[in-house]
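Inspection log for the structure reproduced underneath, given as structure tokens.
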Amino acid sequence: MLKGKVHKYGADVDTDAILPGQYLNLTTMEELTRYCMEDADPEFLKKVRPGDIMMATTNFGCGSSREHAPMAIKGSGISCVIAQNFARIFFRNAINIGLPLLECEEVVAKTESGDTLEIDLSGGTIKNLTKSLTFAVSSYPGFMAELITAGGLIEYTRQRLESRRV
Amino acid sequence: MGKTLAEKILSEKSGNDARAGDLVIAEVDLAFVQDTTGPLAVRQFQSGGFKRLANPLKTVLFIDHAVPSPNDSLSNDHLLLRSFARETGAVMSDVGEGVCHQLVGESLARPGDVIVGSDSHTVTAGGLGAFTTGMGSSDVAVAMALGKTWFRVPEGIQVVVTGNFQKGVYAKDFILHLIGLIGADGATYKALEFGGEAVTAMSMSSRLTIANMAVEAGAKVGLFPADEITRDYLAGQGRGEDYQPSSPDADAVYERTIKIDVTELEPTVSRPHTVDNTAPVTELKGIKVQQVFIGTCTNGRLEDLAVAVDILKGKKSHPETRLIVAPASRRVMLEAVKNGFVQVLVEAGAAILPPGCGPCLGIHQGVLGDGEICLSTANRNFKGRMGNPEALVYLGSPATAAATAVTGEITDPREVM
């Protein structure tokens, strides 16, 4: 169960805004986190608390293929990103590093910054505790759920190679 | 029922009857990384406990985004890539060779290939009819180790291009116009497949420009048929044997068809801070520009430099406007030296950079100051893209860029041609 306050953004939040190109040579999640959302919301790091939820409207994570962007978000303590839809490379990258994403138009439409959400990923529900609303979300298809449970693509592949199932 | 080009390639490479929406595991013909996302891919490869590359000669590590290295930290990233290449037998493409996507187009991509790279503009070689797409470092690390990866077979959007480009209007104007039309998420998760009489007549350089920007509409891939233009291009690069014709089935099912007659098209510019924020150049005339950048995987080819040289010949760039040019590859640079383009550009006031990404992504070689405006031939104008969130980036064709360099303000290239 995930629970936290919502930080809501608009459309087309790109990966340069999430993690600018000049920081791509940083190596650890801790270092990357220091610059998370630097160009999109310079106040973000002062506001975010562990477990908080990031929200956006359409095309979140568009642009560069940098996996550093979801790493920085995960490192900031964000437990889940909810948007109407995501850019495709970002979607894969987030799942691959174990940052859960949910696509749900209704939740985005009825949630504001500062609301508290409670998310049950396996049960497929999102509760807006501030507004006393409950939403259903579809769960991940087959191996994507396994991938998240394993802790990301690298760990998933390693486990499968060890059991010779690749 | 017929198949789109994406479905045909993924069927061939997965050994399944791949249809839009299916999840398939496909063989990877080429996997590559570059120097900003490659070090993370190497670390992920190592943390996964992988020891060997599935196909060392089909794994390429490009050093192109920060060349030559501007600081010790990036130099150490370069060292990591070189050392990984030595340990695993991967192919190294080092400082001075050029931008990964240009080199993949010149030397590596074949029609019908499946290619993954840890860079979103990996879509570029779709111009050659390869299913080629960008992924993150972990995905590419696993593809390097296993020689295969998973795909959700994308639905297709057919783009039928008709008519003739008018003087001063180019492939770049077309793709900016298309992205403005369908939006930055207009093709998210989809395959953009280009066809029509204007595509049949289009040079490979132009096809690569268009495919390169497919991702700016969110597309997974931007595909062109492989035809006589492709055959001649491959032969010209000394690899005629890599050619095989390919095209979508005549009865392929597309989710949507977009028809564009380029005869009506005007020079088009993307305004800050999104690529789909387009306008005809005529509406933006007079905006003062402090830097013009010609180059990148979008527009750093010989044909692009030729267009700029035609406009700049015998002229000088405006005293308050810096002109920066970066050829996309060593081969482009050599040709530009041989045929006198470099002399024209330097006489016109250009600073010539080594083959590579140049200032496109804000690491070095032309980072903008507060409030400065750049007209760039690159593919992205996001806030902060060129290293400063207080700067503004406009995108246009090499002709618009060259005309703007001369006058110091955004200029319709048709006025100076």
Side-chain angles (χ1 to χ4, degrees), chain A residues 11-28 32 38-40 42 57-71 84-98 141-144 147 152-162 166, chain B residues 23 35-37 39-41 43-45 47-50 65-66 71 73-74 76-77 117-122 133-142 145-146 148 150 152 154 183-185 188-189 215-216 218-220 273-274 276 360-364 367 380 382-387 389:
Chain A
D12 301 326
V13 176
D14 61 77
T15 52
D16 276 86
I18 298 168
L19 198 277
Q22 58 266 39
Y23 307 123
L24 290 175
N25 56 328
L26 301 176
T27 54
T28 65
L32 290 166
E38 186 175 85
D39 288 351
T57 59
T58 56
N59 204 26
F60 186 85
C62 61
S64 155
S65 70
R66 60 192 67 162
E67 200 165 301
H68 311 62
M71 284 173 75
Q84 287 179 25
N85 55 57
F86 294 91
R88 59 160 283 277
I89 304 176
F90 182 88
F91 188 92
R92 271 182 92 125
N93 284 348
I95 301 296
N96 283 347
I97 61 145
F143 76 98
M144 233 180 269
L147 218 144
L153 176 69
I154 296 293
E155 192 55 26
Y156 171 82
T157 311
R158 197 183 62 76
Q159 289 172 11
R160 284 175 67 92
L161 279 176
E162 279 176 2
V166 169
Chain B
L23 290 175
D35 50 333
T36 68
T37 57
L40 180 57
R43 283 192 291 273
Q44 297 288 45
F45 185 92
S47 76
F50 306 128
H65 277 57
N71 59 51
S73 168
L74 283 160
N76 288 334
D77 278 351
S118 64
D119 186 290
S120 59
H121 295 112
T122 300
T133 192
M135 291 181 166
S137 300
S138 292
D139 265 320
V140 176
V142 170
L146 305 182
K148 54 190 178 181
W150 69 272
R152 183 182 168 282
D185 59 352
T188 297
Y189 306 125
V215 69
E216 307 309 330
K220 179 178 284 189
H273 293 290
T274 57
D276 60 0
C360 173
L361 72 160
I363 296 181
H364 66 159
V367 173
R380 281 202 179 124
F382 301 156
K383 189 176 180 186
R385 174 71 180 182
M386 292 184 76

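We name chains A, B, ... by the order of the sequence lines, and we start the count at 1 in each one.
For B/Asp77, the part lying under 4.5 angstrom from a heavy atom of chain A is the side chain only. Only the side chain of A/Asp12 has a heavy atom closer than 4.5 Å to any heavy atom of chain B. Using a 4.5 Å cut-off between heavy atoms, B/Asn71 touches chain A through its side chain atoms alone. B/Thr133 touches chain A through its side chain: at least one heavy atom from C-beta onward sits under 4.5 Å away, while N, CA, C and O do not.
The CZ atom of B/Phe50 lies 5.0 Å from the OG1 atom of A/Thr157; values are rounded to the nearest 0.5 Å. To the nearest 0.5 Å, atom CZ of residue A/Arg92 and atom OG of residue B/Ser138 are 11.0 Å apart. Summarising the geometry, atom OG1 belonging to B/Thr188 is positioned 4.5 Å from atom CG belonging to A/Asn59; distances are rounded to the nearest 0.5 Å.
The residue among A/Asn93, A/Asp14, A/Thr27 with the most heavy atom pairs within less than 4.5 Å of chain B is A/Asp14. Between chain B and the residues A/Tyr23, A/Tyr156, A/Phe86, A/Phe91, the largest count of heavy-atom pairs under 4.5 Å involves A/Phe86. Contact count against chain B (heavy-atom pairs under 4.5 Å) is highest for A/Ser64 among A/Ala87, A/Cys62, A/Ser64.
Summarising the geometry of A/Gly21 relative to B/Ile363, their closest heavy-atom pair is O-CG1, 4.1 Å, with the distance given to 0.1 Å. Of all heavy-atom pairs between B/Gly136 and A/Ile89, the closest is N-CG2, 4.0 Å.
Put simply, the side chain of B/Arg380 gets close to the backbone of A/Gly63: a donor and an acceptor are under 3.5 Å apart. The closest donor-acceptor contact from the side chain of A/Glu67 to the backbone of B/Leu40 lies at 3.5 Å or more, if one exists at all.
Look at B/Arg385 and A/Asp16 and you find a salt bridge, because one of the NZ, NE, NH1 or NH2 atoms lies within 4.0 Å of a carboxylate O, short of that distance.
Inspection of the A/Asn25 and B/Ser73 side chains reveals an N or O donor paired with an N or O acceptor under 3.5 Å.
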